[in-house]
Amino acid sequence: MPPEPKTCRSCGRRIEWRAKWEKNWDEVAYCSDACRSRKVTRVDKALEESIRTLLSKRAATSTICPSDAARDVFDGEGDGWRELMEPARRAARRLVAAGEVDITQGGSVIDPSTAKGPIRIRRHRA
């Protein structure tokens, strides 16, 4: 029986067990070579903190869009914040794995590893 899945340290997606990782499953931390090379940057940590801060300033039932965090972290003029959208989604997935937030679509909590399309982020509800 395969061990429990893990969460990628970089993108926050679920890492499914593979037979080729049998001998070093405890050492597997990233889902792909791209995530291994990207790791978690200062910008990623700033996006996580922005999500926490934005949610703390809103009602407990409110949600935010990943674009809110991207705009908050972006330092510049124009729409350069759009380049931070995928990093903001990755930051949200890492916070889901940490049990701090939920990702929703249409008001329902969804699995962040398989989410496609627009998402919202809310504080985790026990």
Ionic contact status for Glu16 with Arg18, cut-off 4.0 Å: no
More than 12 heavy atoms of other residues, nucleotides or ligands under 6.0 Å from CZ of Arg125: is that the case? yes
Carboxylate-amine/guanidinium proximity below 4.0 Å for Arg94 and Glu49: no
Tell me, do Glu27 and Trp21 make a side-chain contact under 4.5 Å, heavy atoms counted? no
Looking at side-chain heavy atoms only, is the closest gap between Met85 and Ser67 below 4.5 Å? yes
So, does Arg123 use its side chain to make a donor-acceptor pair with the main chain of Arg58 at under 3.5 Å? yes
Going by side-chain contact (heavy atoms from CB on, under 4.5 Å), Arg122 matches just one of Thr61, Val101, Ile103, Asp102. Which one? Asp102
ILVMFWY cluster, Phe74 and Leu54 together (side-chain gap under 4.5 Å): no
Are Ile64 and Leu47 connected in the hydrophobic side-chain network, where two residues link if heavy atoms are under 4.5 Å apart? no
Say whether, by atom type as modelled, one donor and one acceptor occur between the side chain of Glu100 and the main chain of His124 under 3.5 angstrom. no
Does Asp44 use its side chain to pair, donor to acceptor, with the backbone of Thr41 at less than 3.5 Å? yes
Joint cluster assignment, Ile51 & Ile110, ILVMFWY side-chain distance < 4.5 Å: yes
With no hydrogens and no angle check, is any side-chain donor or acceptor of Ser113 less than 3.5 Å from a backbone partner on Arg14? yes
Before giving the answer on side-chain contact (heavy atoms from CB on, under 4.5 Å), spell out for Arg90 and Arg38 the whole-Å C-alpha distance, their side-chain angles and the decisive distance to 0.1 Å. CA-CA 12 Å; Arg90 286 195 305 263; Arg38 184 181 308 116; 3.4 Å; yes
If hydrophobic clusters are built from ILVMFWY residues whose side chains come within less than 4.5 Å, do Ile119 and Leu84 share one? no
Go through the steps to decide whether Arg52 and Leu95 satisfy the test side-chain contact (heavy atoms from CB on, under 4.5 Å), and finish with yes or no. CA-CA 9 Å; Arg52 288 184 192 103; Leu95 291 174; 3.3 Å; yes
Closer than 3.5 angstrom, by distance alone: can the side chain of Thr104 be matched with the main-chain N or O of Gly107 as a donor-acceptor pair? no
Single-linkage hydrophobic cluster, 4.5 Å side-chain cutoff, Val28 and Tyr30 together: no
